[in-house]
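Each residue takes its place number in the sequence, starting with 1. Whatever order the structure lists them in is the order used to number ligands and atoms, beginning at 1.
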Amino acid sequence: MKRIPIETAAPYEVVAGENILKDAGAYMRAAGVAARKAFIVSDDVVLPLYGGAVRASLLAAGFQPYTLAFEHGEEHKNLATIEKILSTLCAAEITRSDVLVALGGGVVGDVCGFAAAIYLRGVKFVQIPTTLLAAVDSSVGGKTGVDLPAGKNLAGAFHQPALVLCDTAVLSALPEKLFSEGMAEAIKYGVIGNAAFFAALEEGRADTETVVETSVRAKAAVVKKDEFDTGERMLLNFGHTFGHAIEKLSGFTVSHGEGVAAGMLFACRYAEKIGFSEEKDITVRLKNALARYRLPAECPFTGAELFPAMAHDKKRAGDKINLILPKRIGRAEICPTPMETVKEVLSEL
Ligand code: GLY
């Protein structure tokens, strides 16, 4: 089992290990969660799979458990779902000393975290990610929120969890497509800061626990320096600016992991096009690594089609946008770029 400290203003741990989900309640008590009521927020796919085990563990640890499952999918990551959760928390008389438990993938974690951030001006929550993507990225670092019609993650708050529990047996049992989506985020950490990890992924040499541990340590190092995303943390958005635009244009039929994969390729091609990257095979190596995990090796849209969908990106500041571009495998940089320039370059990709 691995314990990774996340050194934010309110520090916590990510615990990663096999079959730890059935002891979730005990891990929560050990992490200092003293609540009486524990309110599980999940979705209609995950709750039937793991809700029973988590509920039993909460009861065994002396919590009074409650559950709410909303319909799965990015299209339910919205303010209507938040309102439903907040009303149910009121009905269950959840107080500030109680705890919410996000049991599910990235959508569940973001939605439950945002509800925890604003209910009674903030209650504790615990993340139990059941997808690799949530385990290696969204459950760690305290970004919570929902989508607005104008774009992804446009309403939200920073709210760190009290604990993150990653059961590697749950992650290894994922359908191949869901597992691959998480690998897109793992590959991201390799490109932006860890060439050796990228090589291990490229060659298929990393097991699930290593993937989770290395990715979470990479994220922890960045979040420690820039909890509130004003500088270095933007590096974690490598592939996301283009990826979010791809997801949006596809009407969310392209998943987040697939969007990030295609978005990273776009960023590499962009970097090559403007002569920013120093490594000549960067796009080819990325394509090969993505192909190993059956992730898209092409973008379904042209650059000209992507540009309008980037207008509401959070990384936009005035008439500039912070593009994250790779110098080489193992190093990326934040490049503030005028929107006009982005438009011009994209029109040729
Ligand atoms: N997913 C990017 C971040 O947490 O900053």
Side-chain angles (χ1 to χ4, degrees), residues 4-14 74 77 102 104-114 116-117 125 127 129 131-147 151-161 164 166 181-194 197 211-212 214-248 255-264 267 310 312-317 321-326 332-335:
I4 303 142
I6 310 296
E7 295 172 65
T8 43
Y12 56 98
E13 273 187 340
V14 176
E74 184 77 29
K77 185 176 155 180
V107 170
V108 167
D110 285 4
V111 166
C112 176
F114 188 39
F125 85 116
Q127 290 268 21
T131 64
L132 184 62
L133 194 144
V136 300
D137 181 31
S138 57
S139 67
V140 183
K143 281 190 182 174
T144 73
V146 294
D147 303 336
K152 267 182 70 101
N153 300 329
L154 293 185
F158 286 97
H159 189 53
Q160 301 292 344
V164 182
C166 301
E181 284 184 36
M183 291 308 294
E185 295 282 0
I187 289 169
K188 172 191 83 179
Y189 294 114
V191 178
I192 65 173
N194 189 338
F197 183 46
V211 168
V212 173
T214 313
S215 301
V216 171
R217 285 197 193 281
K219 181 153 190 181
V222 173
V223 168
K224 180 182 174 181
K225 287 188 242 163
D226 180 20
E227 180 172 351
F228 297 105
D229 204 13
T230 55
E232 192 173 330
R233 186 165 177 171
M234 283 184 235
L235 287 172
L236 299 178
N237 287 320
F238 172 58
H240 285 60
T241 302
F242 298 120
H244 285 166
I246 294 165
E247 281 179 77
K248 190 175 167 204
S255 68
H256 181 61
E258 291 166 338
V260 168
M264 289 192 292
M310 290 166 56
H312 293 286
D313 194 281
K314 291 193 304 309
K315 290 163 291 301
R316 185 170 169 183
I321 190 160
N322 289 309
L323 292 182
I324 316 302
L325 300 177
E333 290 178 11
I334 302 162
C335 303

Contact region, V223 to ligand 1, non-hydrogen atoms below 4.0 Å, reads neither
Contact check: K188 vs ligand 1, nitrogen or oxygen atoms, below 3.5 angstrom: no
Would you say H256 and E74 are linked by a side-chain donor-acceptor pair, where the criterion is simply a distance under 3.5 Å? no
Just checking H159 against F114, ring centres under 6.0 Å apart? no
Run the numbers for me: atoms of ligand 1, each under 4.0 Å from some heavy atom of K143, listed by number. 2 (C), 3 (C), 4 (O), 5 (O)
Side chains of T8 and E227 only: does a donor on one sit below 3.5 Å from an acceptor on the other? no
List every atom of ligand 1 that sits less than 4.0 Å from any heavy atom of L236, numbering the atoms from 1 in the order shown and giving each element. 2 (C), 3 (C), 5 (O)
Report yes if D137 has an N/O atom closer than 3.5 Å to an N/O atom of ligand 1; otherwise report no. yes
Any donor-acceptor N or O pair under 3.5 Å, side chains D226, T230: yes
Just checking, is any N or O donor in the side chain of E247 or H240 under 3.5 Å from an acceptor N or O on the other one? no
Considering only non-hydrogen protein atoms, determine which one is nearest to atom 4 (O) of ligand 1 and report residue, atom name and distance to 0.1 Å. K219 NZ, 2.6 Å
